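Input: a single structure, listed below in structure tokens.
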Amino acid sequence: MSLTLLIMQCLNGLQLGVLLFLMAAGLTLVFGIMNFVNLAHGSLYMMGAFIAATVYNHTGSFALAAIAIVPAMLLLGLIVEFVALKTLYDRDHLDQVLATFGLILFFNELARMIWGPSPYYMEVPEWLSGTVDLFGLAYPAYRFLIIVVGLAVALGCYLLIHRTRIGMLIRAGSTHRQMVGALGVNIVLLNSLLFGLGAILAGIAGLMAGPILSVQPGMGEPILILTMVVIVIGGIGSVRGAFLAALIVGVVDTVGRTALPTLLRSLLERSTADTAGPALASMLIYLVMAAVLAVRPQGLFPVKHG
């Protein structure tokens with residue numbers, strides 16, 4: 001593998017990593033802080049992609065789609081939380097899993113009814129269809145935008161959780177819920193806003209993924225699995241862990257799919273390498289997760305409660 005190709009794949013891995021972080025950040029807030037298992041998080045990502053694609057295709061403006069996705073996903077998140085999930089916070093995780101799995105089926109059928117079963121495409125904006133010069137390497141401008149947006153969201157999440165009063169209440173409510181409630185803080189409203197924030201982050205991930213992936217029903221389930229891997233590696237409830245784990249997963253998955261088959265061809269017969277290479281490459285992130293859990297069972301940056 002040439003050095004240029006390796007650098008390009010590392011950048012693609014970074015782009016995948018920050019996209020995964022957009023998903024993992026919202027799910028970390030809901031799962032790690034609220035202790036709520038939300039399997040429908042991938043469906044919120046899918047709905048965000050469909051909403052953004054619809055706005056973009058009707059207006060021709062990517063900026064309008066980006067502006068519209070925030071209030072649309074906040075409203076959708078609050079509706080879902082109020083109608084279907086609000087009564088499940090104090091139930092066990094099995095009830096939460098069953099309820100949110102039902103939401104996956106509901107949203108997939110809703111998407112088919114509204115947009116149809118065929119892929120719904122969203123083009124890369126013309127002003128982002130070119131390339132940017134990164135130290136002499138031409139890299140697609142839109143993929144570079146995804147990296148910038150992901151890093152900005154990571155910084156925003158850090159500042160929100162660790163540098164604001166709301167973040168202080170969120171962290172306190174995750175460990176001493178009754179005490180915070182006794183001090184006059186509306187925990188129910190705080191949880192609703194936190195769920196809405198998670199929905200917004202999932203919607204932003206759908207917005208950014210729309211132009212490079214086909215927007216279609218069921219697109220949320222594959223990325224939900226990768227997001228779960230990210231959260232487990234990083235440590236449940238840790239935004240910092242989710243960020244670093246997302247970058248690790250993105251780079252390992254992208255570079256591994258390119259480098260591993262090439263490496264195996266130099267060690268094995270070509271036919272064997274061509275068969276085993278893609279299969280092993282698809283397993284790399286799960287092998288990384290197993291290795292991390294073998295050394296640190298609670299993830300790279302476990303959250304200390306209490």
Side-chain angles (χ1 to χ4, degrees), residues 1-3 5-28 31-32 37-43 45-46 97 100-101 104 108 143 146-147 150 202 205-206 208-209 212-214 216 218-238 240-302:
M1 179 186 294
S2 66
L3 179 60
L5 179 59
L6 179 61
I7 295 174
M8 184 68 74
Q9 291 304 313
C10 286
L11 288 173
N12 288 337
L14 180 61
Q15 175 253 302
L16 174 60
V18 296
L19 191 62
L20 287 175
F21 172 73
L22 290 174
M23 284 288 292
L27 192 57
T28 294
F31 186 22
V37 182
N38 180 26
L39 294 186
H41 196 70
S43 296
Y45 158 83
M46 176 190 71
V97 166
T100 52
F101 180 74
I104 292 176
N108 284 344
R143 291 181 179 270
I146 294 177
I147 296 175
M208 303 309 296
I212 59 176
L213 300 174
S214 60
Q216 58 187 343
M219 65 180 291
E221 283 76 72
I223 197 169
L224 178 65
I225 295 173
L226 290 177
T227 304
M228 289 291 189
V229 172
V230 167
I231 291 176
V232 170
I233 291 176
I236 296 175
S238 172
R240 176 181 61 167
F243 177 70
L244 293 178
L247 297 186
I248 292 172
V249 169
V251 172
V252 168
D253 184 65
T254 304
V255 176
R257 291 178 186 275
T258 303
L260 189 58
T262 303
L263 177 63
L264 289 179
R265 288 191 190 103
S266 64
L267 300 175
L268 304 171
E269 295 182 1
R270 186 176 183 86
S271 59
T272 304
D274 289 342
T275 302
L280 290 175
S282 64
M283 296 169 55
L284 274 180
I285 58 173
Y286 304 104
L287 295 176
V288 170
M289 180 178 68
V292 170
L293 293 181
V295 178
R296 297 180 65 88
Q298 294 183 324
L300 295 176
F301 298 96

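Worth saying up front: this structure is predicted, and the values here are computed from it rather than measured. Along the sequence shown, residues are numbered consecutively beginning with 1.
- Counting only distance, with no hydrogens or angles, the side chain of His41 and the backbone of Gly26 share no donor-acceptor pair below 3.5 Å.
- Taking CG of Leu11 as the reference point, atom CD1 of Ile7 lies at 7.5 Å (rounded to 0.5 Å).
- For the residue pair Ala209 and Leu19, the shortest heavy atom distance occurs at CB-CD2, 4.0 Å.
- A donor-acceptor pair under 3.5 Å links the side-chain atoms of Thr100 to the main chain of Leu39, judged by distance alone.
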For residues 242-256, please give each side-chain donor-acceptor pair under 3.5 Å, one per line with the distance, not counting sequence neighbours.
| residue | atom | partner | partner atom | Å |
| --- | --- | --- | --- | --- |
| Asp253 | OD1 | Arg257 | NE | 3.1 |
| Asp253 | OD1 | Arg257 | NH2 | 3.3 |
| Asp253 | OD2 | Arg257 | NE | 3.3 |
| Thr254 | OG1 | Gly250 | O | 2.9 |

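- Here the closest heavy-atom approach between residue Leu213 and residue Tyr45 is recorded as CD1-OH, 3.7 Å.
- Checked against Cys10 for a side chain to side chain contact (heavy atoms under 4.5 Å, CB included), the options Asn12, Leu6, Leu14 give a single hit: Leu6.
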Side-chain donor-acceptor distances from residues 285-302 under 3.5 Å, at least two apart:
| residue | atom | partner | partner atom | Å |
| --- | --- | --- | --- | --- |
| Arg296 | NE | Gly299 | O | 3.2 |
| Arg296 | NE | Leu300 | O | 3.3 |
| Arg296 | NH2 | Leu300 | O | 3.3 |

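- Smallest separation of non-hydrogen atoms from Leu22 and Ala205: CB-CB, 3.7 Å.
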Enumerate donor-acceptor pairs with a distance under 3.5 Å from any side-chain N or O in residues 218-235 to protein atoms, sequence neighbours excluded.
| residue | atom | partner | partner atom | Å |
| --- | --- | --- | --- | --- |
| Glu221 | OE1 | Asn108 | ND2 | 3.4 |
| Thr227 | OG1 | Ile223 | O | 2.7 |

